[in-house]
Number of protein chains: 2
Amino acid sequence: MLQSTERKREILATSQQLFKDHGYASTSVRDIAKALNIEAASLYSHIESKEDILKITCFELAEKFESAIKEVNDIYFNAEEKLRMAIKFHVEILTHNLNAAVVFIREWRHLSDESKKEFIEKRNAYEEGIREIIQTGIDEGTFNEIDKRFAALTVLSSVNWIVEWYKEGGRLSPEEVANNLSDFILTGLKASNPTQLF
Amino acid sequence: MLQSTERKREILATSQQLFKDHGYASTSVRDIAKALNIEAASLYSHIESKEDILKITCFELAEKFESAIKEVNDIYFNAEEKLRMAIKFHVEILTHNLNAAVVFIREWRHLSDESKKEFIEKRNAYEEGIREIIQTGIDEGTFNEIDKRFAALTVLSSVNWIVEWYKEGGRLSPEEVANNLSDFILTGLKASNPTQLF
DNA sequence: ATATTTGCCTAACGATCGTTAGTTATGTTG
DNA sequence: CAACATAACTAACGATCGTTAGGCAAATAT
């Protein structure tokens, strides 16, 4: 007897805010209800379970990432363009769904075994998409020969970390954040080094 | 009436393992006791509270990081050497205290307000140490002019992420991990670019 | 006007939570 | 041997957990 999707979106949004601030395990169903000014039991007209909220949150975001990486890898570009575009999309998804993104990044471990397995598969597929971009760059000769697995993880960790400090309406727009990240990841900290010229 | 430090170390180590695997909030005092084959109440001969375990774990690691960054910044080196050394120490601390490190990185949010405040201060001081190294590089002219705050956070995020995949006795030694990370952070993905030569 | 659906309510369930009080074997030390 | 310290125990506390059953007023559909 689940009801209007509109009310469900409110419940999801409120829950994501609370899960972000206090963690999934430390947020009770009663906390969520209180934030919505209703009773805990009333939530169950809209959701199946507490884990239902987590599951929907994690998988909705996973789908967005999935579409984004497909879009990038289906179009023909060189590796640098692809990576810049992937980072741009990734940052956009994170910043436009900040609360959900934090839950996606931090709280997926609390999914049931079954859902967790599926989630990890989707995450692996996404990582594989990033690795393909890096491989493209190596094949082109435009990227350094580097451990792909290591590089993909390092790229993703620095991109994901923005949820820890990004503030809506802050100093940097999502686009600027994405550009800064891309520059950092592509060229590193060091100023161009004249000793590499021979 | 707190007892032998030896037994307390066992309790800490066991708790850290469980906190790493299931999270602080989802690990009950009874879970910890069960893993040690004792009753939950027996733990209280050794610890003050559940949060006590978290507090000790977070602050012991914070101290290690504090000493490391002091050691790096007190010795005179150029920025690249300093950064490489800081990353090497950081990776060593993480890999030699893997369970505690995961708790330090993921679970500090569950500290009491008072402890959390102190923890954040210590973390900020550490980040400031990293920013100083970056500033040194900019002053030297060996690092690109870059947003220091942004750079420090990005460096730390990629270094901290290793706890998600590092396995003791795995393919890469801590030293190799540190070197790979330093190379990545210093020179980026892109092969040295001839269009930058004028 | 009547029937149905919606969105909430109260009340309660059994389980589990962190923690305390008080006790008891098992050494260890004088 | 007597006194003490150690490291565990049993039992229980009040609080809170996710969830279910059943009801009720207001809105909507027929």
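Below, read A as the first sequence line, B as the second, and so on, with proteins coming before strands; counting in each chain starts at 1. Since we're looking at a predicted model, the values are computed, not measured.
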Roughly, in whole Å, what's the span from CD in E51(A) to P in dG18(D)?
13 Å

Between P of dC17(C) and NZ of K34(B), the distance in whole Å:
10 Å

At 4.0 Å (heavy atoms only), tell me whether S26(A) reaches a base, stays on the sugar-phosphate, or touches nothing.
nothing

Using only atom types and a distance under 3.5 Å, with no angle test, would you say the side chain of E176(B) pairs donor to acceptor with the backbone of S173(B)?
yes

Could you tell me whether the phosphate oxygens of dT16(C), OP1 or OP2, come under 4.0 Å of any side-chain nitrogen or oxygen in S28(B)?
no

Closest listed nucleotide, where the reference is the side chain of S49(A) and the choices are dA8(D), dT19(C), dT19(D):
dT19(D)

Under 3.5 Å, is there a donor-acceptor pair between the side chain of N97(A) and the main chain of A100(A)?
no

Could you tell me the separation between the OH atom of Y24(B) and the P atom of dC17(C), rounded to a whole number of Å?
13 Å

Side chain of R7(A), base of dG7(C): donor and acceptor closer than 3.5 Å?
no

Any non-hydrogen side-chain atom of Q135(B) less than 4.5 Å from a side-chain atom of R131(B)?
no

Closest nucleotide among dA8(D), dC8(C), dG18(C) to the S42(B) side chain
dA8(D)

Is it the case that atom NZ in K20(A) sees more than 12 heavy atoms from other parts of the structure closer than 6.0 Å?
yes

Using whole Å, report how far CG of L43(B) lies from C1' of dA7(D).
11 Å

Gap between atoms CD1 and P, on I11(A) and dC8(C) respectively (whole Å)
7 Å

So, do F65(B) and F89(B) sit near enough that their side-chain heavy atoms are less than 4.5 Å apart?
no

Can you tell which of dC9(D), dC8(C), dG18(D) lies closest to the side chain of V29(A)?
dG18(D)

Please tabulate, for the side chains in residues 23-36 of chain A, all donor-acceptor contacts under 3.5 angstrom to protein atoms that are two or more places apart in sequence or on a different chain.
residue : atom : partner : partner atom : Å
Y24(A)  : OH   : E51(A)  : N            : 3.3
S26(A)  : OG   : H110(B) : NE2          : 3.3
T27(A)  : OG1  : L18(A)  : O            : 3.4
T27(A)  : OG1  : G23(A)  : O            : 2.7
S28(A)  : OG   : R30(A)  : N            : 3.3
S28(A)  : OG   : D31(A)  : N            : 3.0
S28(A)  : OG   : D31(A)  : OD1          : 3.4
S28(A)  : OG   : D31(A)  : OD2          : 3.3
D31(A)  : OD2  : S28(A)  : N            : 3.0

Hey, mind stepping through L94(A) and Y166(A) against side-chain contact (heavy atoms from CB on, under 4.5 Å) and telling me if it holds?
CA-CA 9 Å; L94(A) 293 182; Y166(A) 177 81; over 6 Å; no

Run through R9(A), K55(A), K122(A) and flag the one making a salt bridge (Lys or Arg N to Asp or Glu O under 4.0 Å) with E60(A).
R9(A)

Using whole Å, what does the distance between atom C1' of nucleotide dC17(D) and atom NE2 of H22(A) come to?
17 Å

W165(A) six-ring centre to R149(B) NZ/CZ under 6.0 Å and within 45° of normal
no

Five pairs at each end of the helix from dA1(C)-dT30(D) to dG30(C)-dC1(D): take the axis at both ends and give me the angle between them to 10°.
10°

How many whole angstroms separate atom CD of E39(B) from atom P of dC17(C)?
14 Å

Scan nucleotides 20-26 of chain D against the protein and return all N/O pairs shorter than 3.5 Å with their distances rounded to 0.1 Å.
none

When rounded to whole Å, the CZ to P distance for the pair R30(A) and dA15(D) reads 14 Å

If you check every side-chain atom of H46(A), which of dC8(C), dG18(C), dC9(D) has the closest atom?
dC8(C)

Sidechain-backbone polar pair: H90(B) side chain, A86(B) backbone, donor-acceptor under 3.5 Å:
no

